[in-house]
Q: 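Have a look at the structure that comes next, please.
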Amino acid sequence: MTPSDKLKEASPTAAGPAAPTQSNFIREIIREDVKTNKYSGRVWTRFPPEPNGYLHIGHAKAICLDFGLADEFGGGTNLRFDDTNPEKEETEYVESIMRDVRWLGFEWENLLYASDYFDQLYQWAVQLIKAGKAYVDDLTADEVRQYRGTLTEPGKESPHRNRSIAENLDLFERMRLGEFPDGARCLRAKIDMASPNFNMRDPVMYRILRAEHHRTGNKWCIYPLYDFAHGQSDSLEKITHSMCTLEFEDHRPLYNWYIKELGIFPSQQIEFDRLNLTYTLLSKRKLLQLVREGRVRGWDDPRMPTISGIRRRGYTPEAIRNFCNSIGVTKTNGTIELAMLEHFVREDLNKRALRVMAVLHPLKVVIDNYPEDQAEEMEAVNNPEDLSAGTRKVPFSRELYIEQDDFREDPPKGYFRLSPGKEVRLRYGYFITAQRVVKNEQGEVVEVHCTYDPATRGGNAPDGRKVKSTIHWVSASHAVPAEVRIYEMLFTKPDPNDVPEGAEFTANLNPNSLQTVKNVRVEPSLKSANAGERYQFERLGYFCVDPDSGPDALVFNRTVALKDTWAKMEKKQSAGSSGKAK
RNA sequence: UGGGCGGUCGACUAAUGGUAGGUCAAGUGCCUUUGGAGCACUUUGUCUAGGUUCGAAUCCUAGCCGCCCAGCCA
């Protein structure tokens, strides 16, 4: 159980109407199959994760495809765990996978496991032996590799390839009974050692492995390999369109071979491109490494591209689905810019997140002409994009906090916010003008004294005068303390695998990917915010309440920042000036 | 090197022999009680060379470039 599991209840689940989706080659294949009545109109897919890790955004793409397409054609989708390698698989993973698929808004028709088919698969292996299409090989794994040949040379046939059917039957039975040590023998399909496709050079069907399986325990000491399990599992479930990623293209001839030799339901495999994202790693092995080495706090660390990490970060299922549906499905291997993903969270959160005011880096503002013991309730709009979200009261008083960034003693060109002598609007508050500053011994501004115009209550000047900037604030005495966790990209390079010879991808880890801001002040309406709730902190970004949060210690994660035009301008200016200096 | 699969604006993706379009990004302007959001506009593209055709991103040929495959992993 990870902390983010608490988020379950807070998360919307309904998939709702699908976002506009553009067509793709797989949809066209299905359309054609339905038209030609290839499977009597049946469209059934499966999502087949191996329970050896947590699902990530790349899986989300596959999930949206598998479930989305089946649903579109009135079919269904099975969730099937591809659990043929007991050494890596765990129940913890199957549970997290089910939770994540549901959170994304999908429900499977059948919950299945490849291990459900171990008996059937064994019988099919026997059937192939009897047909002279499979044999028990005594070669060691090393020898098998040597016999397999190379890219340019054909393989050699194993000396055991032509054993009698009776001997193969006996040996295979004894493999199952545990008479031989792990790896001593294996069952191989008799296909073609000279095939240019390695998968057809007598692929291994079964191996001897004494490992406890998370579901079948110690019942078996032989396990089928992926190729001898996947297609048959599809076939058993009458999967019509079995989508998988491009690296399995070379496996398709074998997938079809087993189906043909066994004479079973002809599921068809269709390959599409795996998702790649800039600044993001989508390899289970490497994500596992990050977790094991403590580079992140766990699978659900908000910096992780896992579904549980993204969820904890504050992304919505809708945003992820919209993203997946709009990136397209092709056979080209490309890399999508992270900005694309971020666009979809902003788009979704902009519509639904309630606005609140929070000051991440407080700077005290004293309004000298505001009565000392006075406090007022200012009315604030909860969501300008959705007026039905109503309004709330925000306390205002003589001493406030504003963002340190919102005051400059020496404002650069184009800076519209507060500076000496300048007037700005406090959002939903008053116009204020900075009069003088108080500095500490280091010469840093620690307090800004201002005057306010009582006639501008609510933020409008009766004389019609305009201010160039509106800044957010909280009342010093009413504000609630909080901690905010700011996340930056986990890696410093668009391609995290781009490392010098000999270095590991961890060399590209961004040391500043997590920044904890302790002294945050948020408006009092947030006092009892619950884990998983999402807000927009006005002018800053979208934030959600982390499961670490409690009644006495609010903790927020920044999901994504708002677009910051000023920051961009400033960055460009400084880049320009430093460029000239050279 | 054998085999498989691909190459369309900076990124992703449409156009299925007939106007190269959309989204993101970038830029400009408008608007604004979020320098947010929104709106409008703009820039940039068919890997190369030949060929077929009235017409080619699409078909053909030859190159070039990229990804995947030599686990008893999936």
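The chains referred to below are lettered A, B, ... by the order of the sequence lines, with proteins before strands, and numbering in each begins at 1. Side chains included, hydrogens not; waters and symmetry mates left out as well; all remaining heavy atoms used.
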Q: Should B/G55 be called syn or anti, with syn set as within 90° of 0?
A: anti
Q: Does the ring center of A/Phe543 lie less than 6.0 Å from the ring center of A/Phe556?
A: no
Q: Between the base of B/G71 and the side chain of A/Arg145, is there a donor-acceptor distance below 3.5 Å?
A: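 Such a pair does not exist between side chain and base.
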Q: Please report the distance separating the P of B/U53 from the corresponding atom of B/C39, rounded so that it comes out in whole Å.
A: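 My reading of the P atoms in B/U53 and B/C39 gives 48 Å.
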Q: For B/G27, what is the paired nucleotide under Watson-Crick or G-U wobble rules, both distances under 3.5 Å?
A: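 For B/G27, the partner nucleotide comes out as B/C41, under the 3.5 Å rule.
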Q: Assign A/Pro384 to base, sugar-phosphate, or nothing according to its heavy-atom contacts below 4.0 angstrom with the strands shown.
A: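 The residue A/Pro384 makes base contact.
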Q: Assign each of A/Leu341 and A/Arg427 to its nearest nucleotide of RNA chain B by heavy atoms, then name whichever residue's nucleotide is nearer the 5' end.
A: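 Looking at RNA chain B, the more 5' nearest nucleotide goes with A/Leu341.
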Q: Give a yes/no on whether any side-chain N or O of A/Thr332 is located under 4.0 angstrom from OP1 or OP2 of B/G66.
A: no
Q: Looking at B/C12, B/G36, B/A74, which one has an atom nearest to any side-chain atom of A/Met340?
A: B/C12
Q: Is any N or O donor-acceptor pair between the side chain of A/Glu385 and the base of B/G36 shorter than 3.5 Å?
A: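 Per atom types, the contact qualifies.
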Q: Indicate, with yes or no, if the rings of A/Tyr279 and A/Phe491 have centres closer together than 6.0 Å.
A: no
Q: Are OP1 or OP2 of B/A74 and a side-chain N or O of A/Thr84 less than 4.0 angstrom apart?
A: yes
Q: A/Leu139 near the nucleic acid: base, sugar-phosphate alone, or nothing, with a heavy-atom cut-off under 4.0 Å?
A: base
Q: Answer with yes or no after comparing the ring centroid distance for A/Tyr415 and A/Phe407 against a 6.0 Å cut-off, counting only values under it.
A: no
Q: Is any N or O donor-acceptor pair between the side chain of A/Asp273 and the base of B/G6 shorter than 3.5 Å?
A: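 A donor-acceptor contact between them is absent.
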Q: Please confirm whether the shortest side-chain N or O distance from A/Thr335 to OP1 or OP2 of B/C12 is below 4.0 Å.
A: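 So the side-chain polar atoms of A/Thr335 never come under 4.0 Å of the phosphate oxygens OP1 or OP2 of B/C12.
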Q: Identify whether any heavy atom of A/Arg417 sits under 4.0 Å from a base atom; if not, whether one sits that close to sugar-phosphate; answer base, sugar-phosphate or nothing.
A: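 Base, at least one base atom sits under 4.0 Å.
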Q: Using centres under 5.5 Å plus planes under 30 degrees as the test, is A/Trp566 stacked with B/G35?
A: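 Yes, the aromatic ring of A/Trp566 stacks with the base.
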Q: Find out whether A/Tyr258 and A/Asp227 are in side-chain contact, i.e. whether some heavy atom of one side chain is under 4.5 Å from a heavy atom of the other.
A: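 Heavy-atom side-chain distance check passes, below 4.5 Å.
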Q: With sugar-phosphate meaning primed atoms plus P, OP1 and OP2, does A/Met569 contact a base, only sugar-phosphate, or nothing at under 4.0 Å between heavy atoms?
A: base
Q: C1' atom, B/C68 versus B/G50: distance in rounded Å?
A: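 B/C68 and B/G50 have their C1' atoms separated by 30 Å.
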Q: OP1 or OP2 of B/G35 less than 4.0 angstrom from a side-chain nitrogen or oxygen of A/Arg539, does that happen here?
A: yes
Q: Would you say A/Lys331 reaches B/C67's phosphate, i.e. side-chain N/O to OP1/OP2 under 4.0 Å?
A: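 Result: no.
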Q: Report yes if a side-chain nitrogen or oxygen of A/Thr330 is closer than 4.0 Å to either non-bridging phosphate oxygen (OP1 or OP2) of B/U13; otherwise report no.
A: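 For B/U13, OP1 or OP2 has a side-chain N or O of A/Thr330 closer than 4.0 Å.
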Q: Check whether the side chain of A/Gln536 and the base of B/U34 form a donor-acceptor pair under 3.5 Å.
A: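 Result: at least one qualifying N/O pair found.
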Q: Using the C1' atoms only, state how far B/G18 lies from B/U58, rounded to an integer number of Å.
A: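 Each nucleotide's C1' atom is 11 Å from the other's.
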Q: With respect to the phosphate group of B/A25, does any side-chain polar atom (N or O) of A/Lys563 fall under 4.0 Å of OP1 or OP2?
A: yes
Q: If the P atom of B/C12 is compared with that of B/G4, how far apart are they to the nearest Å?
A: 25 Å
Q: Between B/G27 and B/G7, how many Å separate the two C1' atoms, rounded to a whole number?
A: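 Here B/G27 and B/G7 have their C1' atoms 28 Å from each other.
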Q: Which base sits across from B/U46 as a Watson-Crick or G-U pair, both distances under 3.5 Å?
A: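 Answer to the pairing question: none, since B/U46 forms no Watson-Crick or G-U pair.
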Q: So, do A/Tyr542 and A/Phe537 have ring centers that fall under 6.0 Å from each other?
A: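 That pair fails the under 6.0 Å test.
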Q: Across all strands shown, which nucleotide pairs with B/A15 by Watson-Crick or G-U wobble geometry, both distances under 3.5 Å?
A: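 Check on B/A15: unpaired, no WC or wobble geometry under 3.5 Å.
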Q: Just N and O in the side chain of A/Lys468: are any of them under 4.0 Å from OP1 or OP2 of B/U32?
A: no
Q: Would you say A/Arg148 places a side-chain N or O within less than 4.0 Å of OP1 or OP2 belonging to B/G71?
A: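 Yes, because at least one side-chain N or O of A/Arg148 sits under 4.0 Å from OP1 or OP2 of B/G71.
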